[in-house]
Enquirer: 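Structure in structure tokens, see below.
Letters go in sequence order (proteins before strands), and every chain restarts at 1.
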Number of protein chains: 2
Amino acid sequence: MYICLMEFKEAKNKFVQTWGALGSQWGINKTMAQIHALLMVSHEPVSMEDIMEELQISRGNASMNLRALMDWGIVYKEYKAGERREFFTAEKDLDELAVKISRERSKREIKPALKILKEVSSIQSDNTAAEKHFVNQTTKLYDFVLQADNVLDKITEYKDNWLAQLLVKFMKK
Amino acid sequence: MYICLMEFKEAKNKFVQTWGALGSQWGINKTMAQIHALLMVSHEPVSMEDIMEELQISRGNASMNLRALMDWGIVYKEYKAGERREFFTAEKDLDELAVKISRERSKREIKPALKILKEVSSIQSDNTAAEKHFVNQTTKLYDFVLQADNVLDKITEYKDNWLAQLLVKFMKK
DNA sequence: TTAAAGTTTCAAAAAAAAATGAAAGTTTGT
DNA sequence: ACAAACTTTCATTTTTTTTTGAAACTTTAA
């Protein structure tokens with residue numbers, strides 16, 4: 001019984017650390033990913049105090065990263081009856097989580113990059129081979145990124161799409 | 001004519017900067033992304049000297065990031081006849097580029113994370129609701145990440161797959 | 001209206017990541 | 001075997017990113 005309790009805490013901690021590391025490798029700050037991990041595996045809504053305590057972080061850090069997670073739409077504030085404090089929960093549906101993360105990254109990073117790509121691929125260039133290659137390559141890149149971005153957009157619709165479902169089963173063999 | 005030359009250099013620089021910024025938002029170091037961008041739009045193989053010059057970086061930095069790009073399999077060394085120096089080229093086929101990046105990220109980051117996820121979801125937990133929820137949630141996450149990772153793996157096969165091609169056309173509307 | 005309970009902000013500090021550059025190491029032609 | 005031409009390494013420095021914490025702010029209940 002005691003051993004099991006330790007194992008749980010250990011496992012939970014390992015998960016939070018791993019998720020944090022994975023996050024930072026993908027350009028999401030470690031604490032933000034850790035808070036998200038913690039909320040994902042928490043049965044009940046968690047107060048800011050508890051988050052600070054469990055992750056050993058400052059109030060300011062907790063507050064800023066919780067705000068960021070809420071801006072991403074993957075963490076929610078909850079109010080408990082008769083409680084002054086605020087509690088937090090994570091989006092626990094993984095499909096929904098993926099959709100929201102895709103949407104935000106698209107909006108914040110991919111769309112602006114596309115704009116620049118379009119711009120730089122539009123210089124006039126009936127000149128050197130180097131210029132022709134530049135225009136050709138950036139145009140291809142624009143098309144490619146646009147298509148990849150659209151695929152992400154379409155993830156939303158995907159679940160309603162029997163043909164896609166069938167295909168994935170087929171690809172999984 | 002003079003104006004056009006300026007525009008080209010300007011555009012090239014803008015592209016390199018943008019690609020660098022995008023890289024760092026996705027956990028790839030800025031210089032590495034910039035070198036890659038530079039090689040992508042260069043018609044001819046580029047020497048290390050030229051890379052250092054164009055990006056205003058040190059020899060050591062150039063050397064280390066070129067090595068990293070070659071480890072990823074997206075930049076190649078080339079030898080020119082009668083030239084002592086080494087030249088570099090980028091993988092310019094974008095499908096190939098995507099496949100290689102997916103493969104590397106899967107190998108370096110997703111596979112290790114999966115291993116930990118499996119581990120932590122395997123604690124025995126006929127105990128509290130909290131433990132049950134933890135096991136349930138991490139198991140779901142494991143399945144989800146595994147499936148997402150497999151989809152990336154299958155991108156390789158995808159191009160040979162008429163049904164998938166059809167589907168994408170269908171999804172694009 | 002006040003004070004208690006709580007949250008947010010932001011300038012400054014700390015930590016982490018990336019870049020430098022000089023020394024060590026390679027390779028090639030003679 | 002030598003030296004010239006070039007590349008790599010890694011301890012140190014620089015830059016960037018993240019974190020802290022104390023002050024300012026907000027909300028609620030009495």
Enquirer: Taking atom P of D:dA29 as reference, at what distance in whole Å does atom CZ of A:Arg85 sit?
Expert: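 After rounding, the reported distance stands at 15 Å.
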Enquirer: Which whole-number value in Å describes the distance from B:Asp71 CG to D:dT9 C1'?
Expert: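 That distance rounds to 15 Å.
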Enquirer: Go through DNA chain C in 5' to 3' direction and return only the first and the last nucleotide with some atom under 4.0 Å of chain B's heavy atoms.
Expert: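 Reading along DNA chain C, I get C:dA18 to C:dT28.
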Enquirer: Please report the distance, rounded to the nearest Å, between CG in B:Leu69 and C1' in D:dT8.
Expert: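 To the nearest whole Å, that distance equals 16 Å.
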Enquirer: Taking C-beta and beyond as the side chain, do A:Arg103 and A:Val99 meet within less than 4.5 Å on heavy atoms?
Expert: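 A:Arg103 vs A:Val99: side chains touch.
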Enquirer: Taking atom P of D:dT19 as reference, at what distance in whole Å does atom CE of A:Met64 sit?
Expert: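 Rounded to whole Å, this separation is 10 Å.
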Enquirer: So A:Lys80 and A:Glu86, salt bridge (charged side-chain N to carboxylate O under 4.0 Å, His left out) or not? Walk me through it.
Expert: CA-CA 7 Å; A:Lys80 279 193 186 172; A:Glu86 297 170 336; over 6 Å; no
Enquirer: Take a 6.0 Å sphere around NZ of A:Lys30 and say whether it holds more than 12 heavy atoms from other residues, nucleotides or ligands.
Expert: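 Incorrect, the count does not exceed 12.
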Enquirer: Can you name the nearest heavy-atom pair linking B:Ser106 to B:Pro112, along with the distance?
Expert: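 The pair with the smallest heavy-atom distance is O-CD, 4.1 Å.
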Enquirer: In whole Å, I'd like the distance from the CG atom of A:Leu66 to the P atom of D:dT20.
Expert: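 So the two atoms are 13 Å apart, to the nearest Å.
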Enquirer: Both B:Ala62 and A:Ser24 contact DNA chain C. Taking the nearest nucleotide for each, which residue is further toward the 5' end?
Expert: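 In this pair, the answer is A:Ser24.
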Enquirer: Go through residues 26-61 of chain B and report each residue with a non-hydrogen atom lying under 4.0 Å from DNA chain D, sorted by number.
Expert: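 Within residues 26-61 of chain B, the residues near DNA chain D are B:Met48, B:Arg59, B:Gly60.
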Enquirer: Please name the residue in the list A:Leu69, A:Leu66, A:Val46 that meets the side-chain contact (heavy atoms from CB on, under 4.5 Å) test with A:Phe88.
Expert: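 It is A:Leu66; the other options fail the test.
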Enquirer: Surrounding NZ of B:Lys140 (heavy atoms of other residues, nucleotides or ligands, distance under 6.0 Å), is the total greater than 12?
Expert: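 No - once you tally the heavy atoms of other residues, nucleotides and ligands closer than 6.0 Å, there are 12 at most.
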Enquirer: Answer yes when B:Glu49 and B:Arg85 have at least one side-chain N-carboxylate O distance shorter than 4.0 Å, and no when they do not.
Expert: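 No, no charged N to carboxylate O under 4.0 Å.
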Enquirer: Only one of A:Lys107, A:Lys111, A:Arg105 forms a salt bridge (Lys or Arg N to Asp or Glu O under 4.0 Å) with A:Asp149, so which one is it?
Expert: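 Exactly one candidate clears the test, A:Lys111.
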